[in-house]
Amino acid sequence: MTDGPAARARARAALEQLVVDVPDFPEPGVVFKDITPVLADHTAFTDLVAGLASAGRDADGTVRVDKVIGMEARGFILAAPVALSLGAGFVPVRKAGKLPRATHAVSYSLEYGRATLEMHADAVEAGDRVLLVDDVLATGGTVAATAELVARAGATTVGVAVLMELGFLSGRDVVGDLAITTLLTI
Ligand SMILES: O=P(O)(O)OC[C@H]1O[C@H](OP(=O)(O)OP(=O)(O)O)[C@H](O)[C@@H]1O
Ligand SMILES: Nc1ncnc2[nH]cnc12
């Protein structure tokens with residue numbers, strides 16, 4: 001698997017061709033971006049993962065993250081292979097009530113409602129450098145809540161990598177306390 005600009009360019013083309021816009025799901029007025037056809041295409045999925053993984057490397061190719069976080073549920077699908085390709089650990093951030101041991105928890109808003117996210121309190125260590133991976137950045141609520149969970153553990157969010165931005169954040173230069181300069185969008 002090769003990361004970098006070539007993989008990102010192929011992945012961008014695949015997203016344009018294969019993502020299906022579904023009007024009024026899960027509620028009236030929302031145009032839902034269905035990424036499942038991209039995941040079903042092996043070449044496209046490979047390029048997506050390689051493109052996202054480039055956010056976890058310095059310009060010289062050195063891996064700059066200790067952990068990759070995926071946010072339930074679609075973030076899991078992308079973040080786990082990104083973690084493997086970087087040689088980093090994978091950490092799931094889950095909706096409330098799913099993780100069995102002591103957690104940090106943060107409530108947040110997203111395009112269609114409110115939710116609470118949790119992360120095991122010992123999943124990242126103080127001082128860890130963390131990359132957040134998800135499919136869609138809409139209001140930024142999910143990313144901001146996850147960055148707050150990382151901060152509560154004493155770790156640092158050094159990057160955010162997503163497949164798509166939906167335009168809610170245009171004109172803003174921060175997501176929560178995160179500078180948008182840390183953001184890679186396929
Ligand atoms: O930027 P935001 O406004 O926070 O929206 C983006 C989030 O919304 C979706 O997840 P959702 O909570 O619907 O969960 P799912 O992956 O389980 O469908 C998506 O996968 C992102 O995580
Ligand atoms: N419109 C949308 N499509 C897919 N996932 C989303 N998450 C938040 N808004 C979304």
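Just follow the structure's listing: the first ligand is 1, and inside any ligand the first atom is 1. These numbers were taken from a predicted model, which means no experiment stands behind them. When reading the values below, keep in mind they use all heavy atoms of this one structure, side chains included, and skip hydrogens, waters and symmetry mates.
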* To do: Indicate, as side chain, backbone, both or neither, the part of Thr142 found under 4.0 angstrom from ligand 1 when only non-hydrogen atoms are considered.
  => both
* **Residue portion contacting ligand 1 (non-hydrogen atoms closer than 4.0 Å) for Asp135** => side chain
Gap between atom [atom2] of [Y] and atom [atom1] of [X] - 0.5 Å precision:
X      : Y      : atom1 : atom2 : answer
Glu72  : Asp134 : CD    : CG    : 11.0 Å
Leu48  : Ile35  : CG    : CD1   : 7.5 Å
Leu163 : Thr185 : CG    : OG1   : 9.0 Å
Leu132 : Leu184 : CG    : CG    : 12.5 Å

* Quick one: which of Leu99, Leu117, Thr103 gives a side chain to side chain contact (heavy atoms under 4.5 Å, CB included) with Arg94? ->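 Looking at Leu99, Leu117, Thr103, the match for Arg94 under the side chain to side chain contact (heavy atoms under 4.5 Å, CB included) is Leu99.
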How close does the nearest protein non-hydrogen atom get to [atom], and which residue and atom is it?
atom                    : answer
atom 8 (C) of ligand 2  : Glu111 OE1, 3.5 Å
atom 13 (O) of ligand 1 : Tyr112 OH, 2.6 Å
atom 3 (O) of ligand 1  : Thr139 OG1, 2.5 Å
atom 7 (N) of ligand 2  : Tyr112 OH, 3.2 Å
atom 8 (O) of ligand 1  : Leu110 CD1, 3.6 Å
atom 6 (C) of ligand 1  : Val136 O, 3.3 Å
atom 1 (N) of ligand 2  : Val31 O, 2.9 Å
atom 18 (O) of ligand 1 : Arg74 NH2, 2.9 Å
atom 3 (N) of ligand 2  : Lys33 N, 2.9 Å

Keeping the roles fixed (side chain from [X], backbone from [Y]), state whether a donor-acceptor pair exists under 3.5 Å.
X      : Y      : result
Asp135 : Gly75  : no
Asp60  : Thr62  : yes
Arg152 : Ala105 : yes
Arg12  : Ile186 : yes
Asp66  : Arg129 : yes
His120 : Arg101 : yes
Asp34  : Thr36  : yes

* Asked: Does ligand 1 have an atom that lies less than 4.0 angstrom from a heavy atom of Gly140?
  ->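 Contact check Gly140 vs ligand 1: positive.
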Show me which atoms of ligand 2 lie under 4.0 Å from any heavy atom of [X].
X      : value
Ala138 : 8 (C), 9 (N)
Arg74  : 4 (C), 5 (N)
Leu166 : 1 (N), 2 (C), 9 (N), 10 (C)

* Proximal ligand 1 atoms for Asp134, defined as those under 4.0 Å from one of its heavy atoms ->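 Those of ligand 1 that fall under 4.0 Å from Asp134 are 20 (O), 21 (C), 22 (O).
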* May I ask you to check if ligand 2 and Asp135 share an N or O to N or O distance below 3.5 Å? => no
* Asked: Can you find an N or O of Ala138 that's nearer than 3.5 Å to an N or O of ligand 1?
  ->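 Among all N and O atoms of Ala138, at least one is under 3.5 Å from an N or O of ligand 1.
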* Asked: Given Gly141, Ala73, Gly70, which one has a non-hydrogen atom that is nearest to atom 15 (P) of ligand 1?
  ->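 Comparing heavy atoms across Gly141, Ala73, Gly70, the nearest one to atom 15 (P) of ligand 1 lies in Ala73.
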* Nearest heavy atom to atom 14 (O) of ligand 1 wins, so pick from Arg94, Met71, Lys95. =>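 The residue whose heavy atom sits nearest atom 14 (O) of ligand 1 is Lys95.
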